[in-house]
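A quick write-up on the structure given underneath.
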Protein chains: 2
Amino acid sequence: MLPAKRRARIIELLRTEHAASLRDMAEALDSSLSTVRRDVEYLCETGLLQRTHGGALLEPTALKTLEPTPEIASAIASAEKQAIGRRAAAMIQPGQTVIFDSGTTTAAAAVSARERNVPFTAVTNDLTIGSVLSGNAAIHTTVTGGYVRPGSATLLGAGAMQTLTRLRADIAFIGTHALTQEALSDTSIELAEIKSTILRAADRVVLLADSGKFFSTSFCTFGRLVDVHLIITDNKLPPEHAAAIRALGIPLEIVESAPVGLRGVA
Amino acid sequence: MLPAKRRARIIELLRTEHAASLRDMAEALDSSLSTVRRDVEYLCETGLLQRTHGGALLEPTALKTLEPTPEIASAIASAEKQAIGRRAAAMIQPGQTVIFDSGTTTAAAAVSARERNVPFTAVTNDLTIGSVLSGNAAIHTTVTGGYVRPGSATLLGAGAMQTLTRLRADIAFIGTHALTQEALSDTSIELAEIKSTILRAADRVVLLADSGKFFSTSFCTFGRLVDVHLIITDNKLPPEHAAAIRALGIPLEIVESAPVGLRGVA
DNA sequence: AAGATGTTCCAAAAAATTCCAAAAAGAATC
DNA sequence: GATTCTTTTTGGAATTTTTTGGAACATCTT
C-alpha cells in the first residue's frame, strides 16, 4: 500500500472512531507498528492528529474540516507544501490582515500560521483554512460566504466576491493551478474571478506554488506574474526555471523541503 | 482502552449521572481503582471535575459551557445525536431549501442528509456542515460569510446575518444550548442574533435537541418554544418532561438511540 | 473503633524511543 | 530494457519511559 494512501486511511479510520490505538490501526491497515507509529507522528506534525499515549485522536479542528476527502489530508501533508507554508507563515507580522486563498498549499500556510501564535486578522474563502485558523484564539478569522462546489472546500460566487471586493489586506497568500512567465491560470472562470479579486485587494501578493506548477498553463488566466511580489516554491524547481523567473525581476524564494519522516520536534 | 478515551468516558458518565463513585467508575470502565483515581485526579487538575470523598462531580461550569477539550470532543459525537440527525434528515424533500444552524446535532443531521442523496439546497453558518454537505454533488450548498469564533466552526456577525436575512427556506434545523417551556437560549448574543434570524427565515422550524438540553437556561434568549414546529430529541428524556412539552401543543418526536454499550452503573 | 477511602510506594505490563538491517523504490548507467 | 547504485521505506530488536494494578499503611466518616 502507498504511504499516502495509508495515511489517508488512518484519517478515515479516526474520523469514524474518533480515537484509536496504534495497535488497532496497525491491524486495520495490515502494516507494522513501527510504520503506523511513523505515520501518526507525521500526521501529528501537520496538525491533523493529536497524539495520546497508545494511540491518537483526530485533531478537533480536523474533525470538522476533513470531511470531504481524505486526499486533502495527504495533500497538505506533502513535505514541499509544508515547507512552503512554513516560510509563508513566517512573514506574517502582528496586527496585519492576511488573505488566504483557497488551496492545499495555502492551507499548509494556515497550519503553520496557527502554530506561530501571532495575532493577526485572516480572511479566507476556504472552509478548511477557516477551520484551521479558528483553532488559534490569537487569530481573528473571517470567512467569505458563497456556495461550495461539490467535493471542494472553496467558496465561490457572489457571496465570496462581496466580501473580497470590500477589503484591503496587507498580504495575500495565493495559490495557482499553473503559471508561466506571463500569467497565472486556474481551472474555472469562477475561481479565476475570485483570485483576481484577491490580487487587487492586497498590498503584497505572495504566490505559493510547488515546483510542479511552473511552466504549465490552465484554462483561465487570472493575473500576470509581474503583479506578484514574491514567489515561494520548493527546491525541486530546475535552476533554469528559477533563472527565468528571476530574470523578470520577481523575487523567488526557494525553501528546503525537509527529508520526510523525521524532524526533531520543531 | 486508551487513556484518553477512558477519561472522555468518565466525563460522559458524569454528564448523564451527575455524580459517581470511583468504585462505580472503575467497574463501568473495566479498569482498576488506582487507574480511575489517577484519571479523576488528572481531570480535576484541568478543572473539569470536582472531587468529593469517594467520587467526583462534573464541575458546574464545565457542565454548562461544554468546553470541548480535545480529549472530550471525541465523546460528544454521541449515538443520541446521530439518531436525532437521522430522523431530521429524513424530512428533507427533493428541491427544498434547508437551513442548517451551527452545532453538533445539526451536523449529525447534515451527515445523514448527505447520505440520503436527495437533491436540495442547503444554507449553513457552520464550516463543518458546509464541508460535510459539499461531499454530495446533489446538494447545492451555500455557506454564509462571517467571522469564526476561536475553537468553534460557527460563522457569526454581519457577514452571516446578511445572507440569512435575505433568505426564505422551507425548513430550518436549529440547535439550542438550553430550552425551557417558554424560551430557547444560548451562550452569546451574537449566536442568539443568528438563531433568531434563522427562526424568521424558515417556514418550518425543527428543533434538534438532545435530552440534556431540556429545562435549563442559558445566557441569551433567542426565541420562544411555541414558535417551533417540531422538536426531535432522544429517548433519555424523562416522561414528565415530554408531557410538559406536549402540553404546550408542540409536536415532540422521540428517537431511539442505539445502545452505546458502556452503561454499567445503575 | 470499624469500614471505607485516600496515599505512597513498587513491580509488572504496555508503549515509546532508538537503533539497525532488509526490502522497496528511484536514478543513472550501460 | 536490464543493470547497478543510491535513497527511502519498512519491520523488528534492544532499551528506556510511562502506565497500570495492587499492597501496605495513613486518614477520614460515621
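Numbered from 1 within each chain, the chains take letters A, B, ... in sequence-line order.
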Going 5' to 3' along nucleotides 24-30 of chain D, which nucleotides have protein heavy atoms under 4.0 Å from the base (write B), which only from the sugar-phosphate (write S), and which from neither (write -)?
-------

Are B:Asp126 and B:Thr128 close enough that a side-chain donor and a side-chain acceptor fall under 3.5 Å?
yes

Between the first and last five pairs of the helix from C:dA1-D:dT30 to C:dC30-D:dG1, the angle of the axes, rounded to 10 degrees
40°

Rounded off to whole Å, could you give me the CG-to-P distance for the B:Asp30 and D:dT20 pair?
13 Å

If I take atom CD in residue A:Glu41 and atom P in nucleotide C:dT18, what distance separates them, rounded to the nearest angstrom?
9 Å

With no hydrogens and no angle check, do the side chains of B:Lys81 and B:Thr104 hold a donor and an acceptor under 3.5 Å apart?
yes

Are more than 12 heavy atoms from other residues, nucleotides or ligands located less than 6.0 Å from atom CZ of A:Phe215?
yes

In whole Å, I'd like the distance from the NZ atom of B:Lys5 to the P atom of D:dT19.
19 Å

Would A:Leu184 and A:Val228 count as a side chain to side chain contact (heavy atoms under 4.5 Å, CB included) if you check the C-alpha gap in whole Å, the side-chain angles of each, and the deciding distance to 0.1 Å?
CA-CA 10 Å; A:Leu184 308 165; A:Val228 170; 3.9 Å; yes

Is there side-chain contact between B:Ser102 and B:Ile129, with heavy atoms separated by less than 4.5 Å?
no

Does a distance-only test, which skips hydrogens and angles, find a donor-acceptor pair under 3.5 Å between the side chain of B:Arg38 and the base of D:dG21?
yes

Positive for salt bridge (charged side-chain N to carboxylate O under 4.0 Å, His left out) with B:Asp39, one of B:Arg9, B:Lys5, B:Arg6
B:Arg6

Distance check needed: C:dG6 P versus B:Leu33 CG, whole Å only.
9 Å

It should be established whether B:Arg37 places a side-chain nitrogen or oxygen under 4.0 Å from OP1 or OP2 of nucleotide D:dT20.
no

If only side-chain N and O atoms of A:Ser32 are considered, is one of them under 4.0 Å from the OP1 or OP2 phosphate oxygen of D:dG12?
no

side-chain contact (heavy atoms from CB on, under 4.5 Å) with A:Cys220: which of A:Thr187, A:Ile189, A:Leu191?
A:Ile189

Between the side chains of B:Ser32 and B:Thr35, does any donor sit under 3.5 Å from an acceptor?
yes

Whole-Å distance between D:dT8 C1' and A:Leu2 CG?
13 Å

State whether a side-chain donor-acceptor pair under 3.5 Å links A:Ser211 with A:Asp234.
yes

I'd like to know if A:Ser34 reaches the base of D:dG12 with its side chain such that a donor and an acceptor end up less than 3.5 angstrom apart.
yes

Tell me whether the OP1 or OP2 atom of D:dT10 has a side-chain N or O from A:Arg6 closer than 4.0 Å.
yes

How close or far is atom C1' of D:dT18 from atom CZ of A:Arg51, stated in whole angstroms?
12 Å

Within the side chain of A:His229, is there an N or O that forms a donor-acceptor pair under 3.5 Å with the backbone of A:Val205?
yes

In residues 20-28 of chain A, what residues come within less than 4.0 Å of DNA chain C, judged by heavy atoms?
A:Leu22, A:Arg23

State plainly whether the residues A:Arg224 and A:Glu182 are in salt-bridge range, i.e. N to O under 4.0 Å.
no

